[in-house]
Asks: 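So that we are looking at the same thing, I have put the structure below in structure tokens.
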2 protein chains.
Amino acid sequence: MTEKKLTLQLDSHSGLPIYTQIVNQIQSQLVNGILKPGDQLPTVRALAQELRVNFNTVARAYRMLDEARIISTQQGRGTYITEIPPPEVSEKLRHESLSALTHRFLNEAFRLGFSEREVSQMVRDSLKAWKEANDEDSE
Amino acid sequence: MTEKKLTLQLDSHSGLPIYTQIVNQIQSQLVNGILKPGDQLPTVRALAQELRVNFNTVARAYRMLDEARIISTQQGRGTYITEIPPPEVSEKLRHESLSALTHRFLNEAFRLGFSEREVSQMVRDSLKAWKEANDEDSE
DNA sequence: GTACAATGATACAATTAGTACAATATAAGG
DNA sequence: CCTTATATTGTACTAATTGTATCATTGTAC
């Protein structure tokens, strides 16, 4: 599902900034299923050329989508749609999803020979580090 | 114990560079015992072909592992897991391996929109369930 | 005119790919 | 055996492709 064409329609008279139009239309295409999780988006330069705009404008749109966790931009590699579960998924599904993810993690850890104690300690430490990093960001 | 197949799983949109993924997974397999001291790794070109990446990307990963004294790369000969899991390397590796695994897990969970609270609760529950299952086994 | 948002230009950094090379091993010829 | 040619392996350097950061320019509202 890589190598998306991504046909966007910009409207100069809409009053909306170009980057906003890009953001909106990518979101729309994701909701409509035209774009799917895992899809690779065009490079900022490729899309910019197609839309006849500066690539920084596309980069700005991508950055907004990245901050919204909708896409994942990776310097030197490309830009991908993330795999966020749709907001309408039930709490039950959410729970099952996390449960499955956690089981895969624990399975792997135990397969590697780590003890319950080591694993739970590492999770605690990592969560703590994560929280501190996020606190710094929001300052 | 030479001629290892070395099955690695790359994820294009994990956010981690390919060379980092290679490093992490080789470290894990060493900690796990899938790879043992003295084992010969695939050549940079062979592994690159299997992973469908440029051989310089593999070479970069090998160089990082070499600098960490985990493997020994020898021009014209090949690449081998270091014989003596040197002084402090072994325990350090174990720790780093678990740390990397945990970070991948947390990253994925947060990317899926779960909160710290949900994650830590799920880990606790799962560990508890695991322990009880093991207790039953040993009765 | 001033202020501010939008866009463009330029330089940069990270990752991966391409090309040529050096060291070692292996096999062939003598 | 020893020498030499060839293949195999990792290395070094460079280029190409990607997103990022910073500042300049433009255009519009007040």
Side-chain angles (χ1 to χ4, degrees), chain A residues 2-6 8-26 38-82 137, chain B residues 2-6 8-26 38-82 107:
Chain A
T2 49
E3 297 280 331
K4 274 291 175 183
K5 183 80 158 295
L6 192 63
L8 302 184
Q9 292 297 328
L10 297 187
D11 180 0
S12 308
H13 313 293
S14 73
L16 292 176
I18 295 174
Y19 66 85
T20 301
Q21 295 184 47
I22 296 175
V23 167
N24 288 344
Q25 293 191 32
I26 289 180
D39 281 353
Q40 179 169 19
L41 295 177
T43 68
V44 290
R45 287 172 176 80
L47 183 55
Q49 181 173 25
E50 181 168 324
L51 299 179
R52 314 292 183 94
V53 300
N54 188 274
F55 72 84
N56 282 293
T57 302
V58 176
R60 181 169 178 177
Y62 279 11
R63 181 157 50 85
M64 293 179 70
L65 289 165
D66 187 293
E67 286 168 354
R69 305 296 184 94
I70 292 170
I71 66 177
S72 163
T73 57
Q74 303 170 29
Q75 184 168 351
R77 301 189 59 201
T79 302
Y80 302 84
I81 303 283
T82 56
D137 285 348
Chain B
T2 47
E3 296 279 333
K4 276 290 174 182
K5 198 187 297 176
L6 193 61
L8 302 185
Q9 291 296 328
L10 298 187
D11 180 0
S12 298
H13 35 49
S14 73
L16 292 176
I18 295 173
Y19 64 84
T20 300
Q21 295 184 46
I22 295 174
V23 167
N24 287 344
Q25 294 190 32
I26 289 180
D39 281 352
Q40 179 171 20
L41 296 178
T43 68
V44 289
R45 287 172 177 80
L47 183 54
Q49 182 174 25
E50 180 167 325
L51 299 179
R52 313 288 187 95
V53 300
N54 188 275
F55 72 85
N56 280 296
T57 302
V58 176
R60 180 170 178 176
Y62 279 10
R63 182 156 48 84
M64 293 177 71
L65 289 165
D66 187 293
E67 287 168 355
R69 307 296 183 92
I70 291 167
I71 66 177
S72 163
T73 56
Q74 304 168 30
Q75 184 168 347
R77 300 195 56 215
T79 302
Y80 301 84
I81 301 288
T82 306
N107 228 331

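These figures come from a predicted structure and were not determined experimentally. Just so we're on the same page: letters track the sequence lines, and every chain starts at 1.
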Asks: Tell me, do B:T79 and B:T43 make a side-chain contact under 4.5 Å, heavy atoms counted?
Replies: no
Asks: Restricting to non-hydrogen atoms, name the atom on B:P17 and the atom on A:R77 that form the minimum distance, rounded to 0.1 Å.
Replies: CA-NH1, 4.0 Å
Asks: Who are the side-chain contact (heavy atoms from CB on, under 4.5 Å) partners of A:A59, not counting sequence neighbours?
Replies: A:V44
Asks: Output yes when at least one side-chain N/O atom of B:T79 is less than 4.0 Å from OP1 or OP2 of D:dT9, else no.
Replies: no
Asks: What is the minimum heavy-atom distance between B:Q25 and B:Q9, and which atoms define it?
Replies: NE2-O, 2.6 Å
Asks: Just how far, in rounded Å, is P of D:dT20 from CG of A:D66?
Replies: 7 Å
Asks: To the closest 0.5 Å, what do you measure between OG1 (A:T73) and CG (A:L41)?
Replies: 10.0 Å
Asks: Please determine, for D:dC30, whether a Watson-Crick or G-U wobble partner exists with both distances under 3.5 Å, and give it or none.
Replies: C:dG1
Asks: What is the nucleic acid contact for B:Y19, judged by heavy atoms within less than 4.0 Å: base, sugar-phosphate only, or nothing?
Replies: sugar-phosphate
Asks: Can you name the residues that form a salt bridge (Lys or Arg N to Asp or Glu O under 4.0 Å) with A:R63, not counting sequence neighbours?
Replies: A:E67
Asks: Given atom CZ of A:R45 and atom P of D:dT20, what is their separation to the nearest angstrom?
Replies: 11 Å
Asks: How long is the gap from OG1 on B:T82 to CG on B:L65, to the nearest 0.5 Å?
Replies: 9.0 Å
Asks: Could you check how far CZ of A:R77 sits from P of D:dG19, rounded to whole Å?
Replies: 11 Å
Asks: In whole Å, what is the span from the CZ atom of A:F55 to the P atom of D:dT20?
Replies: 11 Å
Asks: Residues from residues 56-64 of chain B sitting under 4.0 Å of DNA chain D, heavy atoms only?
Replies: B:N56
Asks: Run the side-chain contact (heavy atoms from CB on, under 4.5 Å) check on A:N24 and A:L16 step by step: do they pass?
Replies: CA-CA 10 Å; A:N24 288 344; A:L16 292 176; 4.2 Å; yes
Asks: Side-chain N or O of B:T43 less than 4.0 angstrom from OP1 or OP2 on D:dT8?
Replies: no
Asks: Between B:G76 and A:R52, name the one whose nearest nucleotide on DNA chain C is closer to the 5' end.
Replies: A:R52
Asks: Students should find this one: the first and last nucleotides of DNA chain C, 5' to 3', lying under 4.0 Å from a heavy atom of chain A. What are they?
Replies: C:dA6 to C:dT16
Asks: Can you name the atoms? Protein N/O to nucleotides 23-29 of chain D N/O, anything below 3.5 Å, with the distance.
Replies:
none

Asks: According to the side chain to side chain donor-acceptor pair (under 3.5 Å) rule, which pairs have a member within residues 47-62 of chain B, sequence neighbours left out?
Replies: B:Y19-B:R60, B:N54-B:N56
Asks: So which atom in B:Y80 and which in B:G38 form the shortest heavy-atom distance, rounded to 0.1 Å?
Replies: CD2-O, 3.7 Å
Asks: Closest heavy-atom contact between A:P42 and A:L6?
Replies: CD-CD2, 3.4 Å
